[in-house]
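What follows is one structure encoded as structure tokens, with my remarks underneath.
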Amino acid sequence: MQRYKVAVCQMTIHQEKEKNLVRAREMIARAARQGARLVVLPEMFNCPYVARLFPRYAESYPEGPSLQMLSRAAREEGVYLVGGSLPERDGDQVYNTSFIFAPDGRLLGKHRKMHLFDVELASGLTVKESSTIGAGNQVTVIPSELGDLGVAICYDIRFPELMRLMVLKGARVVVIPAAFNMTTGPAHWELVFRMRAIDNQAYFIGASPARDPMAPYVAYGHSLVVDPWGNVVSMAREGEEIVYAEIDLDLIEKTRSELPLLRHRRTDIYALELLAP
Ligand SMILES: NC(=O)CCC(=O)C(=O)O
């Protein structure tokens with residue numbers, strides 16, 4: 001499929017998990033009715049973005065209610081679904097994980113956030129994801145008829161090595177469930193998505209929660225789709241909404257043939273090496 005519609009669901013996240021599942025399900029249905037083939041939810045879509053709460057909301061695959069809902073929604077609506085992320089329990093460990101489903105409800109793959117957001121910003125914002133969750137160690141690229149999908153989570157986008165590894169593994173559309181905040185969002189959100197798209201000549205899609213000024217962590221919003229030339233094709237404002245964009249896979253080839261950055265890399269001089277399996 002060379003052209004298709006993507007829908008990015010910028011949903012408000014509530015304390016109650018059940019409310020989040022109902023809202024996500026409604027938005028997926030609405031996106032499908034508008035003709036979206038790929039639907040994307042934000043980071044930690046089923047729980048507030050508060051590290052100490054992650055274990056309480058954590059679920060295991062396949063029985064977790066959020067995971068059941070995602071699989072069923074993908075099947076009932078006939079869409080590819082990047083289910084944002086949620087706290088995933090695996091034995092004693094919890095991860096910040098994105099699960100990706102096919103239109104028949106099958107799990108296509110998952111990405112565990114690789115770079116944990118542990119920061120103390122001068123604005124007063126302190127986050128320590130590593131206090132409750134573990135880091136993933138896999139580069140995630142999912143073959144699909146929509147063009148191979150690279151998936152990473154929020155802070156992961158700041159690491160150009162990971163983005164480039166995904167693209168070298170074939171990713172043409174990179175999907176990033178995310179939740180930048182009111183300090184880093186205005187400064188870096190749009191820039192970093194545009195820059196990664198320009199570097200890699202691929203589509204970059206960022207899905208944020210809607211901004212809730214009363215939340216313990218205030219998300220920036222501004223979910224967006226950036227094309228391989230670095231143009232912002234579509235961008236949300238701060239409130240709850242679904243933004244749509246057309247993905248045109250031919251534009252990737254066109255951009256790469258006009259400006260062959262990937263071919264012009266001096267791999268005789270430097271290398272990017274994947275050390276983990
Ligand atoms: N949830 C996150 O990883 C936040 C990352 C972030 O805000 C950033 O600036 O990077």
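Read the numbers this way: they start at 1 and go in the same order the structure lists the ligands and their atoms. Because only heavy atoms are used, hydrogens play no part in the values below, and waters and symmetry mates are left out as well, while side chains stay in.
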Going by an N to O cut-off under 4.0 Å, is there a salt bridge joining [X] and [Y]?
X      : Y      : value
Arg3   : Glu246 : yes
Glu241 : Arg237 : no
Glu26  : Arg23  : yes
Glu120 : Lys128 : no
Arg30  : Glu77  : no

Any idea which atoms of ligand 1 are less than 4.0 Å away from a heavy-atom of [X]?
X      : result
Asn181 : 7 (O)
Tyr155 : 3 (O), 10 (O)
Glu43  : 1 (N), 2 (C)
Lys113 : 1 (N), 2 (C), 3 (O)
Cys154 : 1 (N), 2 (C), 3 (O), 4 (C), 5 (C)
Ala179 : 1 (N), 4 (C)
Thr184 : 6 (C), 7 (O), 8 (C), 9 (O)

If the contact criterion is a heavy-atom separation under 4.0 Å, does Tyr217 count as touching ligand 1?
yes
Would you call Tyr49 a ligand 1 contact, heavy-atom distance under 4.0 Å?
yes
Given the rule in the side chain to side chain donor-acceptor pair (under 3.5 Å) test, do Ser66 and Asn46 qualify, once you have shown the distances and angles that lead to the verdict?
CA-CA 7 Å; Ser66 308; Asn46 75 351; 3.0 Å; yes
